[in-house]
Amino acid sequence: MQKEATKKNERVVEVFDLFVKHIQSFFDEAKLNHEEYTNFVNWADRLGKTGELPLFADVFLETHVLRSMYTETPGTQPSLLGPYFIEGSPLIEAEADQPFVLTQRPDEAGEILYFKGNVSSVDGHPLSNVKVEMWHNDTDATYSAFDSVAPRYNLRGHFYTDENGDFVVKTIKPTPYPIPTNGPTGEFLEYAEMHPMRPAHLHLMFEAEGHETLITQVFPDDDEWLENDVADGVRLDLLTKFEDKGEYLEASLNFVMRKK
Ligand code: MBD
Ligand code: FE
């Protein structure tokens, strides 16, 4: 016990020292004067008080952590968890050969989307009974539980892959997402004359025995914001065609999980 606690504290101290050191060298490099320093602290205070700290971090920093972790290793590329995941989504069940239904409002606006996935391990064999968590936004571009009038878990749920590692979800097509521009995160975009858009995306999280949890996203391959996602979350192997079948759209992607 004692030993583990010491080890853990060492890691915290190591990381904290680096954090302070690098913020100090950021101040040096930016040649921040005292007034600018005070502005910075006030801005950070607003970031916290408005609840935008996770948004700012996930838009401007999260992709950096992911890229340094994974770019060279085989398996599906992870992408951003983002600020809009919430715990406690409903378990969605379905009759055999029926899709898992993510929409909770009978009149949910949007194009109906059937999304098919297969989950396998890096060694090639399919993974059955993988917990798949899925969430995405609606046609107003809002996420349930955040600035949305929809039920808390609308367009959110989890389910399990079948014996072949397959799953099919019935939902609606997600919408390109403008990050809020009226708060401390978006104000920089205006100064820099940058747009606030993320391409439309599905969020997915996979949990399987003996494997690293895979947190990723899926993007329609014709989205207009793919090449300049404000949060830089797009990876080539996460693009897929959302095929127009007349009454609905159909898309699919295979996911490959890394062993622990
Ligand atoms: C999102 O919907 C998102 O997924 C990320 C990573 C950042 C901001 C909004
Ligand atoms: Fe998102």
Side-chain angles (χ1 to χ4, degrees), residues 46-48 50-71 76-89 102-103 108-111 113 115 117 132-150 152-158 169 171-190 192 194-206 213-221 223-240 242 251 253 255:
R46 280 191 288 129
L47 197 59
T50 55
E52 283 195 7
L53 184 86
L55 177 72
F56 181 86
D58 296 348
V59 169
F60 292 108
L61 308 174
E62 191 180 4
T63 206
H64 180 78
V65 177
L66 294 177
R67 283 196 197 274
S68 58
M69 281 170 76
Y70 279 113
T71 340
T76 297
Q77 287 286 315
S79 186
L80 313 166
L81 174 66
Y84 300 129
F85 170 69
I86 56 170
E87 299 280 347
S89 79
L102 224 57
T103 49
E108 187 71 39
E111 290 176 89
L113 168 68
F115 180 74
V132 184
E133 179 86 46
M134 214 172 138
W135 69 105
H136 65 86
N137 67 7
D138 59 23
T139 55
D140 294 331
T142 60
Y143 282 85
S144 61
F146 298 88
D147 291 335
S148 163
V149 295
R152 181 170 172 80
Y153 289 106
N154 193 43
L155 308 181
R156 297 173 184 274
H158 65 276
V169 179
T171 186
I172 52 132
K173 189 186 183 203
T175 308
Y177 181 80
I179 68 162
T181 49
N182 57 357
T185 303
E187 75 185 50
F188 290 113
L189 299 175
E190 208 158 291
M194 280 162 66
H195 70 74
M197 301 302 295
R198 297 215 61 219
H201 56 280
L202 302 168
H203 286 271
L204 292 121
M205 172 154 44
F206 301 91
T213 295
L214 171 63
I215 297 169
T216 194
Q217 303 187 1
V218 171
F219 304 87
D221 68 359
D223 193 282
E224 67 172 301
W225 302 103
L226 287 177
E227 270 154 44
N228 44 18
D229 177 2
V230 68
D232 188 22
V234 179
R235 309 291 183 262
L236 287 181
D237 55 346
L238 304 178
L239 307 185
T240 190
F242 282 42
L253 199 67
F255 301 90

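Residue indices begin at 1 and follow the sequence shown. Whatever order the structure lists ligands and atoms in, that order sets their numbers, starting from 1.
In this pair, F60 and F56 present their aromatic rings tilted. The plane angle is within the 30 to 60° band. Between F146 and Y84, the ring planes lie perpendicular to each other; the angle is over 60°, past the 30° to 60° tilted range.
Inspection of the R67 and Q77 side chains reveals no N or O donor paired with an N or O acceptor under 3.5 Å. Residues S89 and R152 bring no donor and acceptor atom of their side chains to less than 3.5 Å of each other. A donor and an acceptor atom, one from each side chain of H136 and Y177, are nowhere located under 3.5 Å apart.
Within the sub-2.8 Å shell of the Fe ion (ligand 2), the protein contributes these N/O/S atoms: Y143 OH, H201 NE2, H203 NE2.
Looking at ligand 1, you won't find any N or O of Y177 less than 3.5 Å from one of its N or O atoms. At least one N or O atom of H201, backbone or side chain, sits closer than 3.5 Å to an N or O atom of ligand 1.
Side-chain atoms of S148 never come within 3.5 Å of backbone atoms of A145 as a donor-acceptor pair (strictly under, hydrogens ignored).
Not a single salt bridge (Lys or Arg N to Asp or Glu O under 4.0 Å) links D223 to another residue, sequence neighbours left out. Annotation: side-chain hydrogen bond (donor to acceptor under 3.5 Å, both in side chains) contacts of T240 (sequence neighbours excluded): none.
Checked against the 6.0 Å centroid threshold, F85 and W135 count as a close aromatic pair.
Remark: ligand 1 atoms within the under-4.0 Å shell around heavy atoms of V59 are 7 (C), 8 (C). Near Q217, meaning under 4.0 Å from any of its heavy atoms, are these atoms of ligand 1: 4 (O). Within the listing of ligand 1, atoms 5 (C), 6 (C) sit less than 4.0 angstrom from a heavy atom of G82.
If you check which protein heavy atom lies closest to atom 2 (O) of ligand 1, you get Y143 OH, 2.9 Å.
At least one heavy atom of P83 sits less than 4.0 Å from an atom of ligand 1. Not a single heavy atom of E62 sits less than 4.0 Å from an atom of ligand 1.
Counting heavy atoms closer than 4.0 Å to ligand 1, residue R198 contributes side-chain atoms (C-beta onward) but none from N, CA, C or O.
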Ignoring hydrogens and angles, write down the donor-acceptor pairs under 3.5 Å from the side chains of residues 179-187, residues two or more places apart or on other chains.
| residue | atom | partner | partner atom | Å |
| --- | --- | --- | --- | --- |
| T185 | OG1 | E52 | OE1 | 2.7 |
| E187 | OE1 | R46 | NH1 | 3.1 |

